[in-house]
Amino acid sequence: MTGSHRAATTTRRGTGGAARDRRSGRTRIRIVLAAAVSLLVLVTAGAGWAYLRLNGNIDTFGADGISDHRPAAASDGQNVLVIGSDARTAGNSELGGGDKNDIGRSDTAFLLHVYADHRHAVAVSIPRDTLLTIPPCKLPDGSWTETRHQAMFNEAYTVGSTAEGNPACTQNTVEKLTGLRVDHTVVVDFKGFSALTEVVGGVEVCVPQDIYQKDLNPGRATRGKRLFTQGVQTVSGPKALDYVRIRHGIGDGSDIGRIQRQQAFVGSLIKKVKSDGLTPTKLLPLADAATTSMTVDPGLGSADKLVSFAMSLKDIDLNDTRFVTVPWRYEGARVAIVEPDAGALWAALKADRTLDGQDAGGGSDADGKDTDASKDTDASKSADASKSADEEAPAEDIFATVRNGTRVTGLAARAAAVLEASGVTVTGTATASSQDHRTTVIEYGPGREAEARTLARLLGTGELRSTTGGGLDVVLGQSYADQAPGTSSGADSATASPAPSEVPAEVAEGARTADEDLCAALSYG
């Protein structure tokens with residue numbers, strides 16, 4: 001073989017080797033890409049499977065049972081009603097719930113108000129024995145009940161006597177009580193609660209004293225085994241459920257005392273979840289556990305909606321997550337709502353003011369400075385205020401009486417609280433001569449029409465009537481009862497802003513934060 005031929009052969013072989021190397025390189029790249037794509041498909045499929053699983057877990061209740069007469073929706077904030085049910089099927093009887101032939105009952109409930117700035121939240125507990133008005137609710141046969149006065153709060157959930165309970169009726173009742181629109185309702189039963197505490201790895205609690213079986217079940221002849229030892233400890237599953245259900249043997253053994261321990265527990269649970277991280281990866285296992293025994297309104301009836309709502313809470317600090325109980329007093333063996341304190345609380349939440357009086361309406365940036373949008377709003381309010389100055393009188397100059405012309409308990413006190421929060425002096429509240437007023441009437445004497453216009457704007461409703469007397473009387477009708485206290489939904493609503501309301505000091509000071517000392521204020525009495 002000649003040298004030139006060997007050189008040519010070598011060149012051909014070298015070219016072929018390079019080609020093989022290029023093909024090999026392309027093959028490796030394809031393998032890596034295929035592996036990456038396969039991994040992406042698997043991860044996406046896994047996430048999709050998880051979401052499908054969650055969607056399969058979630059039960060919803062029918063929206064047709066929600067009242068047509070509802071308060072106006074808030075602009076950015078949200079109100080979520082959370083109900084703990086103690087009588088659902090599917091394994092709850094083993095955990096202390098009702099048996100399979102029992103009807104659904106609510107064991108505990110609180111209204112969570114997430115402020116428009118999404119940096120503050122407050123949960124208001126409503127004792128189950130609270131006496132209030134239960135509005136018309138839908139029955140399984142499609143008919144609606146009559147309004148019930150002086151009924152216990154937990155009776156709303158039993159309307160219809162079904163095993164799954166009536167969360168729509170409880171939602172209607174809370175809207176009637178508070179004047180706040182409930183954006184979402186969530187029902188969690190014993191089984192779901194127990195599973196949730198296990199998934200997070202347990203929740204830290206404080207037990208003020210040794211607790212025995214008799215404390216959980218007063219009907220026992222003997223005190224039984226010790227369930228809890230005094231002190232701080234981590235509980236999960238059925239033991240966590242026992243902790244939040246214990247009523248007797250601690251403090252005065254009241255439901256109010258139990259509510260305080262439940263608030264402490266929820267605060268500790270939130271603290272644990274936030275410490276683990278609020279990410280979809282962390283939330284999906286929690287959601288899987290919770291949704292197994294959860295019933296929600298149609299607006300939360302999918303996995304992405306539930307996870308999205310949970311993610312919207314990630315910027316709320318533990319110290320800005322607060323728990324209170326609606327202002328209350330004993331009325332015999334039951335609980336009565338204290339007015340005007342409760343009315344002031346609802347009005348403050350409606351106005352997105354925190355318990356200590358801060359504006360949490362979301363109109364400021366992270367540095368607390370007014371945004372351009374809020375400045376424009378303030379300017380327009382000023383212009384509107386000056387434009388209507390000839391038609392209205394300053395609230396601080398008004399003295400008026402308020403009478404309840406309906407059968408809604410405490411309505412006059414609630415309206416008085418709204419007016420007083422705006423600067424009006426309410427000289428007295430009373431029951432009108434008849435309780436069948438459909439519309440709210442504001443009677444004014446000579447020269448007091450401007451004051452009457454102001455009252456109508458602050459109440460959001462009111463027909464003006466001139467009289468020969470010199471007084472200023474508000475007679476509340478169903479038109480006021482059907483709307484949220486403190487809203488301005490009448491003709492002048494475009495120029496009115498929600499009246500700031502000061503929550504009574506004892507309510508604000510008695511609030512618990514999610515990072516509170518675990519052993520503080522665990523019982524009433």
Side-chain angles (χ1 to χ4, degrees), residues 58-74 78-90 92 97-98 100-112 126-189 192 291 293-302 305-306 337 346 406-409 411 436 438 478-484:
I58 300 171
D59 291 328
T60 60
F61 63 86
D64 57 348
I66 298 174
S67 174
D68 291 332
H69 304 288
R70 306 184 64 193
Q78 291 192 77
N79 297 302
V80 180
L81 175 62
V82 180
I83 304 170
S85 170
D86 69 352
R88 287 188 59 188
T89 55
N92 284 284
K100 62 182 180 180
N101 297 316
D102 203 359
I103 62 173
R105 292 187 174 87
S106 61
D107 188 63
T108 187
F110 62 83
L111 182 66
L112 174 67
I126 305 172
R128 61 183 187 176
D129 292 346
T130 301
L131 298 175
L132 42 63
T133 297
I134 298 178
C137 291
K138 190 175 182 179
L139 294 169
D141 64 4
S143 64
W144 288 72
T145 63
E146 297 291 331
T147 298
R148 295 171 56 193
H149 302 284
Q150 290 296 97
M152 289 196 301
F153 174 52
N154 65 344
E155 292 176 6
Y157 197 78
T158 67
V159 168
S161 300
T162 61
E164 62 271 18
N166 197 333
C169 185
T170 301
Q171 177 175 319
N172 294 342
T173 302
V174 170
E175 289 190 339
K176 183 73 171 176
L177 169 68
T178 66
L180 296 165
R181 189 183 185 94
V182 175
D183 299 290
H184 298 297
T185 293
V186 177
V187 182
V188 181
D189 65 17
T291 55
S293 301
M294 176 185 285
T295 303
V296 298
D297 68 279
L300 280 181
S302 67
K305 291 177 181 178
L306 276 172
I337 293 175
W346 309 135
T406 75
R407 296 188 183 277
V408 179
T409 303
L411 190 64
D436 57 357
R438 295 299 307 166
Q478 196 62 37
S479 62
Y480 183 74
D482 287 343
Q483 68 174 34

Review point. Taking it one step at a time, do M152 and L131 satisfy side-chain contact (heavy atoms from CB on, under 4.5 Å)?
Key: CA-CA 5 Å; M152 289 196 301; L131 298 175; 4.0 Å; yes
Check your understanding: How far apart are the C-alpha atoms of T147 and H149, what are their side-chain angles, what is the distance that settles it, and do they pass the side-chain contact (heavy atoms from CB on, under 4.5 Å) test?
Key -> CA-CA 7 Å; T147 298; H149 302 284; 3.7 Å; yes
Check your understanding: For F153 and V174, what are the C-alpha separation, side-chain angles and deciding distance, and is it a side-chain contact (heavy atoms from CB on, under 4.5 Å)?
Key -> CA-CA 9 Å; F153 174 52; V174 170; 3.8 Å; yes
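The line from CG of D183 to CG of L112 is 10.5 Å long, rounded to the nearest 0.5 Å. Interatomic distance, C169 SG to K138 NZ, rounded to the nearest 0.5 Å: 13.0 Å. Taken to the nearest 0.5 Å, the CZ atom of R70 stands 13.5 Å off from the CG atom of D482. With values rounded to the nearest 0.5 angstrom, I66 atom CD1 is found 7.0 Å from N172 atom CG. Of the inter-residue distances, the one linking L177 atom CG with W346 atom CH2 reads 5.0 Å to the nearest 0.5 angstrom. Interatomic distance, CZ of R128 versus CD1 of I83, reported as 14.5 Å (0.5 Å rounding).
Taking both residues in full, the closest heavy atoms of P71 and G179 are given as CB-O, 3.4 Å, listed atom of the first, atom of the second, then distance. Closest of all the heavy-atom pairs between L180 and E175 is O-CG, 3.4 Å. Between P298 and A63, the shortest heavy-atom distance links the atoms CG-CB, 3.9 Å. V408 and A481 make their closest contact through CG2-CB, 3.9 Å (heavy atoms, listed as atom of the first residue, atom of the second, distance). For the pair R105 and Y157, the tightest heavy-atom approach, listed with the atom from each and the gap, is C-CD2, 3.5 Å. Closest approach of N79 to R181, counting heavy atoms only: ND2-O, 3.0 Å.
Partners of T145 by side chain to side chain contact (heavy atoms under 4.5 Å, CB included), not counting sequence neighbours, listed by chain and number: C137, L139, V159.
Every pair passing salt bridge (Lys or Arg N to Asp or Glu O under 4.0 Å) that includes a residue from residues 139-150 is listed here, sequence neighbours excluded: R148-E155.
No donor-acceptor pair under 3.5 Å is formed between the side chain of D189 and the backbone N or O of S85.
Inter-residue side-chain proximity for F110 and I126 is flagged as unmet; no heavy-atom pair is nearer than 4.5 Å.
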